Amino acid sequence: NHAGLNDTVFIGLQPRGVQLSDRIVEELRQMSLPGMIQYGKLDITFYRDDVRKSLHLANHTDIPFSIENKNVVLIDDVLFTGRTIRAAMDGLMDLGRPAEIQLAVLVDRGHRQLPIKANYIGKNLPTSREENVQVLLEEAGEDDRVVILKA
């Protein structure tokens with residue numbers, strides 16, 4: 001969907017989306033010119049609407065390029081209510097005004113509370129609200145797998 005990557009940037013969402021986005025970006029670098037891919041990491045901790053309800057440990061935002069008028073592809077592991085993505089969009093807007101924001105997720109589990117939809121989905125995985133979905137990756141010392149847990 002992107003004719004060339006000159007105007008496209010990839011941003012992984014801290015914390016869990018970064019391991020997945022590291023892998024995706026590395027694959028893209030193998031397929032194209034290594035210097036062409038701009039990749040950053042966004043911490044949305046203080047943009048969350050539940051930040052005052054529980055303790056959240058801040059991560060690190062590292063976006064060493066302008067997102068102004070760029071096509072931004074946000075990458076996260078699981079799409080659930082949409083609140084994380086809303087927070088990510090708020091965070092992006094503090095950094096500039098992208099031409100477009102797209103979303104890539106490994107798992108879309110449904111149960112949206114906001115009108116947010118992923119552009120790229122690895123797997124639709126219908127779940128109940130009483131279940132939790134965890135993406136485990138070898139980068140975190142696990143075997144690659146998606147696990148559904150009863151809450």
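Here the structure is a predicted model, which means the values were calculated and not measured.
- The CG atom of Leu92 lies 9.5 Å from the OG1 atom of Thr61; values are rounded to the nearest 0.5 Å.
- Looking only at side-chain heavy atoms (C-beta outward), Gln38 and Pro64 stay at 4.5 Å or farther from each other.
- Each of Asn124, Ile148, Val146 was checked for a side chain to side chain contact (heavy atoms under 4.5 Å, CB included) with Val107, and the lone residue meeting it is Val146.
- Identified under the ring pair (Phe, Tyr, Trp, His ring centres under 6.0 Å) test for residues 131-151, with sequence neighbours left out: none.
- Residues Leu28 and Phe10 form a side-chain contact, since some pair of their non-hydrogen atoms from C-beta on lies under 4.5 Å apart.
- The side-chain heavy atoms of Ile75 and Ile24, taken from C-beta on, include a pair separated by under 4.5 Å.
- Closest of all the heavy-atom pairs between Gly12 and Ser21 is CA-OG, 3.3 Å.
- The shortest distance between side-chain heavy atoms of Asp76 and Thr84 falls below 4.5 Å.
- Contact check for Val9 versus Val73: no side-chain heavy atoms found under the 4.5 Å cut-off.
- Legend: ring pair (Phe, Tyr, Trp, His ring centres under 6.0 Å) pairs involving residues 87-132, not counting sequence neighbours, sorted by first then second residue: Phe80-His111.
- Considering every non-hydrogen atom in both Arg86 and Ile116, the closest pair reads N-CD1, 3.8 Å.
- Looking at Leu79 and Arg112, their side chains come closer than 4.5 Å, going by heavy atoms from C-beta outward.
- Note that CG of Asp43 and NE2 of His60 are 9.5 Å apart. Values are rounded to the nearest 0.5 Å.
- Looking at residues two or more places apart in sequence or on another chain, you find a side-chain contact (heavy atoms from CB on, under 4.5 Å) between Glu68 and Ser66, Arg97.
- In this structure the side chain of Thr45 never reaches within 4.5 angstrom of the side chain of Tyr47, judged on heavy atoms.
- The shortest distance between side-chain heavy atoms of Val135 and Leu20 does not fall below 4.5 Å.
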